[in-house]
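Working notes for the structure below.
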Protein chains: 2
Amino acid sequence: MACDATVLAEVKMCSSNYVMAVNDTMNVISGKWKLPIIGSLLYGKKRFKELERDIAKITPRMLSKELKDLEMNSIVKRTVHNTIPVTVEYELTDSGRRFKNVLDVMVEWGLEHRQDVMSEITGGK
Amino acid sequence: MACDATVLAEVKMCSSNYVMAVNDTMNVISGKWKLPIIGSLLYGKKRFKELERDIAKITPRMLSKELKDLEMNSIVKRTVHNTIPVTVEYELTDSGRRFKNVLDVMVEWGLEHRQDVMSEITGGK
DNA sequence: TATACCAGTATACTTTAGTATAGTAGTTAC
DNA sequence: GTAACTACTATACTAAAGTATACTGGTATA
């Protein structure tokens, strides 16, 4: 089979490709604020100021920068409306919405892991 | 229902808890080298030098630091063997092995996302 | 005319993450 | 005795990420 993965099942057998694909995903969501932003946008379209209010302690500089990153990576779509004054709406792309699958298993693993660590400490067999 | 999540399904309904659990997961795997280390250990126990050889360009300083982090977070178990000279083995804990579920969906999403972006560029409908 | 909202940008700074390079203590092989 | 292996640690540095603070240009409201 070697390492010429073309099918998902095969990729998963191949260490280097596996790590590469995961790193791809990691790069897209790297940084302190990308997940909060995606999390917020999962609940629907938002405007810049709405996101700023939604996400505690984020500065407009970081919000602007992270939104640009997410837009470049086709996770978020930016739409400017010809209203007065202009309003700008951010929403998830298909890929962005599909990322919820990743978040779901992250939540699951996170919770299970916490339980694991807790039961180790309390000695609960 | 408010925000007093006790069941997974309920947590997923609650934005702030959702984000918190995901951040937990992110913190555990943050950094440039944790995923390569976990990826390598998914293929079985490894000694320090084996990991160092396995993971291209990692320095012993970073490997040591990241292994300590992973150990503290109960992702990796460190065992010292009374051989001469001493050998030290690193292996994944149950939690660590269960993390493969997360990696799997990351690989899946990463590949799908790449296809998405590609088909956008080439204009394939 | 002053204040406030929107969607950001600019500049300077601090903090964190990662790298480079060398060295430790113990053991074995030549 | 010197070179090499194991499992690291120490020191000093660079680079990347994030923060703080202020400001822009346009519009609307009191």
Side-chain angles (χ1 to χ4, degrees), chain A residues 19-20 22-41 44-73 75-92, chain B residues 19-20 22-41 44-73 75-92:
Chain A
V19 170
M20 249 192 271
V22 173
N23 278 341
D24 260 24
T25 306
M26 288 296 285
N27 286 338
V28 164
I29 57 162
S30 67
K32 188 176 175 182
W33 301 107
K34 296 222 178 68
L35 287 185
I37 291 170
I38 294 172
S40 173
L41 289 177
K45 290 182 185 186
K46 296 266 168 75
R47 293 173 37 193
F48 190 88
K49 278 285 168 184
E50 287 181 282
L51 285 166
E52 205 182 330
R53 276 188 289 262
D54 238 46
I55 302 163
K57 306 227 171 183
I58 197 168
T59 59
R61 185 192 197 273
M62 287 317 280
L63 181 56
S64 172
K65 187 195 156 282
E66 299 288 59
L67 283 170
K68 264 176 202 157
D69 280 12
L70 290 167
E71 205 195 337
M72 276 210 318
N73 281 313
I75 312 293
V76 159
K77 188 169 169 271
R78 180 178 183 268
T79 316
V80 183
H81 295 282
N82 265 354
T83 54
I84 292 172
V86 282
T87 49
V88 180
E89 275 187 331
Y90 294 93
E91 64 187 307
L92 295 176
Chain B
V19 170
M20 251 191 269
V22 174
N23 278 341
D24 261 23
T25 306
M26 287 297 285
N27 287 339
V28 164
I29 57 161
S30 66
K32 188 176 174 181
W33 300 108
K34 296 225 177 66
L35 287 184
I37 291 169
I38 294 171
S40 174
L41 289 177
K45 291 181 183 186
K46 296 266 170 77
R47 290 167 45 189
F48 190 88
K49 277 286 168 184
E50 288 182 281
L51 285 167
E52 205 182 330
R53 278 189 287 264
D54 238 48
I55 301 163
K57 307 230 172 179
I58 196 169
T59 60
R61 185 193 198 274
M62 286 317 280
L63 182 55
S64 172
K65 189 196 157 280
E66 300 287 61
L67 282 170
K68 265 177 202 155
D69 279 13
L70 290 167
E71 206 195 337
M72 276 209 320
N73 281 314
I75 313 292
V76 158
K77 188 169 169 270
R78 180 179 182 266
T79 315
V80 182
H81 295 284
N82 265 353
T83 54
I84 291 173
V86 283
T87 47
V88 181
E89 276 187 332
Y90 295 92
E91 63 187 308
L92 294 176

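The sequence lines fix the lettering, A, B, ..., with proteins before strands; numbering per chain opens at 1.
- Taking a cutoff of 4.0 Å between a charged side-chain nitrogen and a carboxylate oxygen, A/Glu52 and A/Lys49 qualify as a salt bridge.
- The nearest whole Å value for the distance from the CD atom in B/Glu71 to the P atom in D/dA7 is 14 Å.
- Here the options are A/Lys77, A/Arg47, A/Arg78, A/His81, the test is side chain to side chain donor-acceptor pair (under 3.5 Å), and the partner is A/Glu89; only A/His81 passes.
- Among the nucleotides C/dG8, D/dT27, C/dT27, the one closest to the side chain of B/Pro85 is C/dT27.
- The B/Val88 side chain lies nearest to D/dC8 when the options are D/dC8, D/dG18, C/dG8.
- Between D/dT9, D/dT19, C/dT28, one nucleotide has an atom nearer to the side chain of A/Trp33 than all others, and that is D/dT19.
- With values rounded to the nearest 0.5 angstrom, B/Glu66 atom CD is found 9.5 Å from B/Ile55 atom CD1.
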Q: Apply the test salt bridge (Lys or Arg N to Asp or Glu O under 4.0 Å) to residues A/Glu50 and A/Arg53: give CA-CA distance (whole Å), side-chain angles for both, the deciding distance (0.1 Å), then the verdict.
A: CA-CA 5 Å; A/Glu50 287 181 282; A/Arg53 276 188 289 262; 6.0 Å; no
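- What separates CZ of A/Phe48 from P of D/dG26 is a distance of 19 Å, to the nearest Å.
- Ranking D/dT19, C/dC6, D/dT6 by closeness to the A/Met62 side chain, first place goes to D/dT19.
- Put simply, the side chain of A/Arg61 and the base of C/dT9 share no donor and acceptor less than 3.5 Å apart.
- The shortest distance between side-chain heavy atoms of A/Asn73 and A/Ile29 does not fall below 4.5 Å.
- The distance between atom CG of A/Asp69 and atom C1' of D/dA16, rounded to the nearest whole Å, is 13 Å.
- Separating the CD1 atom of A/Ile58 from the P atom of C/dG8 is a distance of 13 Å, rounded to the nearest angstrom.
- Residue B/Lys32 is classed as a sugar-phosphate contact, given heavy-atom separations below 4.0 Å to backbone atoms only.
- The interatomic distance linking B/Lys34 (NZ) with C/dT16 (C1') rounds to 12 Å, in whole Å.
- Comparing C/dT28, D/dT6, D/dC8 by their closest approach to the side chain of B/Arg53 singles out D/dT6.
- Looking at heavy-atom distances under 4.0 Å, A/Arg47 makes contact with sugar-phosphate atoms alone, never a base.
- One can place NZ of A/Lys65 at 16 Å from C1' of C/dA10, the figure rounded to the nearest angstrom.
- As rounded to whole Å, 14 Å separates atom C1' of D/dA20 from atom CD of A/Glu52.
- Nucleic acid contact class of B/Lys68 (heavy atoms, under 4.0 Å, all strands): sugar-phosphate only.
- Between B/Ser64 and D/dT9 there is a side-chain N or O to OP1 or OP2 distance below 4.0 Å.
- Ranked by how close their nearest DNA chain D nucleotide is to the 5' end, A/Glu66 and B/Arg78 are led by B/Arg78.
- Atom CD1 in B/Ile84 sits about 19 Å away from atom P in C/dA25, given to the nearest Å.
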